[in-house]
Amino acid sequence: MPRRVFVVGVGMTPFTKPPKSPSEGQQYPDLAAKAVSRALADCKLDIKDVQQAFVGNMFANGAGQRSLYAMGFEHIPIHNVHNACATG
């Protein structure tokens with residue numbers, strides 16, 4: 001029997017291309033932290049409750065690890081999904 005999977009929280013940021021310089025605005029890890037924090041608040045769960053993560057990104061390889069390790073997601077599989085503008 002297939003295992004059931006649930007999406008229980010949602011968090012988003014505006015669709016935008018981060019600036020080249022961190023001094024000019026938010027970078028990938030900043031945008032990811034905002035979206036993940038919103039999703040966790042939406043479903044009233046903690047980082048320890050998450051079993052795996054899928055990160056959609058068009059511009060940078062390893063963006064999932066770069067973004068989520070800084071938030072404390074070091075105990076789960078992190079999958080990077082690249083599909084241009086259709087990623088998210």
Side-chain angles (χ1 to χ4, degrees):
M1 173 177 274
R3 185 171 160 210
R4 296 175 67 180
V5 177
F6 299 92
V7 175
V8 294
V10 178
M12 296 179 67
T13 59
F15 181 78
T16 183
K17 180 178 180 181
K20 293 182 180 181
S21 169
S23 64
E24 296 175 14
Q26 294 182 318
Q27 299 294 303
Y28 301 113
D30 304 317
L31 295 168
K34 187 178 286 187
V36 170
S37 296
R38 289 174 177 171
L40 290 172
D42 183 46
C43 63
K44 296 174 181 49
L45 294 176
D46 193 68
I47 288 173
K48 66 179 175 19
D49 300 313
V50 177
Q51 296 176 343
Q52 59 182 306
F54 292 81
V55 178
N57 187 289
M58 178 177 163
F59 301 107
N61 289 327
Q65 286 78 5
R66 178 179 171 213
S67 300
L68 298 181
Y69 284 172
M71 295 185 69
F73 287 97
E74 298 177 354
H75 62 286
I76 61 169
I78 299 172
H79 307 274
N80 293 285
V81 180
H82 301 278
N83 196 23
C85 290
T87 299

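These numbers come from the heavy atoms of this one structure, side chains and all, not from hydrogens, waters or symmetry mates.
- Hydrophobic clustering (side-chain heavy atoms under 4.5 Å, transitive across Ile, Leu, Val, Met, Phe, Trp, Tyr) groups Phe6 together with Leu40.
- Val55 and Val8 fall within the same hydrophobic cluster, where Ile, Leu, Val, Met, Phe, Trp and Tyr residues are linked whenever their side-chain heavy atoms come under 4.5 Å apart, directly or through other members.
- Residues meeting the side-chain contact (heavy atoms from CB on, under 4.5 Å) test with Pro14, sequence neighbours left out: none.
- Residues meeting the side-chain contact (heavy atoms from CB on, under 4.5 Å) test with Gln51, sequence neighbours left out: Arg3.
- Note on Ile76 and Leu45: same hydrophobic cluster, where clusters join Ile, Leu, Val, Met, Phe, Trp and Tyr whose side-chain heavy atoms are under 4.5 Å apart, directly or indirectly.
- Remark: Gln65 pairs with Tyr69, Ile78, Asn80 by the side-chain contact (heavy atoms from CB on, under 4.5 Å) rule, at least two apart or across chains.
- The shortest heavy-atom contact between Val36 and Met71 is CG1-CE, 3.6 Å.
- Between the CD atom of Gln27 and the OG atom of Ser67 there is a distance of 10.0 Å, given to the nearest 0.5 Å.
- Other residues sharing the hydrophobic cluster of Leu31, ordered by chain and number and joined by side-chain separations under 4.5 Å: none, the residue standing alone.
- For the residue pair Gly72 and Ile47, the shortest heavy atom distance occurs at O-CG2, 4.0 Å.
- Not counting sequence neighbours, the partners of Ser21 by the side-chain contact (heavy atoms from CB on, under 4.5 Å) test are Ser23, Glu24.
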